[in-house]
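Start at 1 with the first residue, then count along the sequence. Order of listing sets the numbers, starting from 1, for every ligand and every atom in it.
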Amino acid sequence: MRLWHNPASPFVRKVRILLRETNLASRVEEINTPVSPVNPHAELAAKNPLVKTPALETDDSRVLYDSSVICDYLDTLHSGAKLIPGGAARWDALRLESLCDGILDAAVLCRYETAVRPEALRWNDWVNGQLTKIRNGLDALANEAPTWGNTFGIGQIGAACVCGYLDFRFADENWRSRAALAAWYESVKQRASVAATVPA
Ligand SMILES: N[C@@H](CCC(=O)N[C@@H](CS)C(=O)NCC(=O)O)C(=O)O
């Protein structure tokens, strides 16, 4: 399999953590792919019309996107404990994954607004709207983090990617003021899959 990948991307990181948690990493070749909404990557564009990472080419030549579809697919390829559970727990896990994806969408949009958009075209109200989504999402994560125990499924993978991305790109945001979330992240940060995929 081939993964169009970017070490800074929190969405790619979800996939890379899942690959390591499920011992599938050796089956995937990672293709480093710089992405920008204003400078589309030609090879990736031929595979994913949205020109976003991650995209995964499977051994039977399907190209899958986005990160949640890729994670769902990869979770079918191993015989260990599933990171996307079945039964009623599935809906809690997928809802938590969506919450984390939504926080990351807002964070990546903010990042583009400040790092890509020319200064004269920036709109502070819009950035503040995205920051509000991030902050409200973090409050929700902090509320539920104490219920997670030792579970490390797709939702918690997303939460680790949120915390790591905020450390990486939003160092001034002080997300650790949410003590329950900060304590939870301290407890998973040393996990091999999380430590091996710190954004760069
Ligand atoms: N919903 C997508 C989001 C992927 C995404 O936004 N990726 C960013 C990198 S972090 C990207 O490729 N941006 C390029 C662009 O927006 O053109 C997923 O879960 O995979």
Side-chain angles (χ1 to χ4, degrees), residues 1-22 24-25 28 30-58 62-77 83-84 90 93-118 121-123 126-127 129-131 133-134 137-138 141 153-171 173 175 193-194 196-200:
M1 292 181 281
R2 301 201 300 164
L3 179 68
W4 279 270
H5 140 279
N6 181 320
S9 165
F11 297 102
V12 170
R13 192 181 188 196
K14 285 171 59 190
V15 175
R16 297 182 80 218
I17 291 177
L18 186 137
L19 284 169
R20 283 155 182 78
E21 289 289 328
T22 55
L24 290 169
V28 174
E30 292 186 338
I31 303 166
N32 205 332
T33 314
V35 285
S36 159
V38 291
N39 189 13
H41 187 278
E43 190 193 345
L44 179 60
K47 301 288 179 179
N48 174 0
L50 304 175
V51 207
K52 292 187 178 190
T53 58
L56 180 82
E57 187 165 24
T58 66
R62 287 190 165 83
V63 180
L64 300 179
Y65 42 84
D66 58 5
S67 62
S68 53
V69 174
I70 295 170
C71 288
D72 201 348
Y73 172 77
L74 291 171
D75 206 33
T76 68
L77 298 187
L83 299 188
I84 304 170
R90 174 178 177 82
L94 294 182
R95 195 265 320 146
L96 180 55
E97 180 188 18
S98 287
L99 171 60
C100 296
D101 284 351
I103 297 170
L104 291 174
D105 279 334
V108 168
L109 287 175
C110 273
R111 166 78 188 159
Y112 288 153
E113 188 71 15
T114 49
V116 178
R117 190 185 288 275
L121 300 178
R122 285 181 203 156
W123 183 19
W126 189 91
V127 171
Q130 301 304 323
L131 286 172
K133 291 179 196 294
I134 295 170
L138 287 168
L141 288 182
I154 191 64
Q156 288 76 23
I157 289 175
C161 294
V162 166
C163 297
Y165 190 69
L166 294 179
D167 278 349
F168 180 52
R169 293 292 196 206
F170 291 77
E173 187 50 35
W175 68 266
S193 63
V194 177
T197 57
V198 173

Between Lys133 and Asp105, is the closest basic N to carboxylate O distance under 4.0 Å? no
Asn48 (side chain) donor-acceptor with Ala55 (main chain) under 3.5 angstrom: no
So, does Arg13 use its side chain to make a donor-acceptor pair with the main chain of Val194 at under 3.5 Å?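 At least one qualifying donor-acceptor pair exists.
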The criterion is side-chain contact (heavy atoms from CB on, under 4.5 Å); which residues satisfy it with Leu131, sequence neighbours excluded? Cys110, Val127, Asn128, Ile134, Arg135, Phe170, Glu173
Where at least one partner belongs to residues 156-165, residue pairs that pass side chain to side chain donor-acceptor pair (under 3.5 Å), sequence neighbours excluded: none
Taking non-hydrogen atoms within less than 4.0 Å of ligand 1, which protein residues qualify?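 Heavy-atom contacts below 4.0 Å: Ser9, Pro10, Phe11, Val35, Ser36, Pro37, Val51, Lys52, Thr53, Pro54, Asp66, Ser67, Tyr112.
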Listed partners of Arg117 passing salt bridge (charged side-chain N to carboxylate O under 4.0 Å, His left out), at least two apart: Glu113
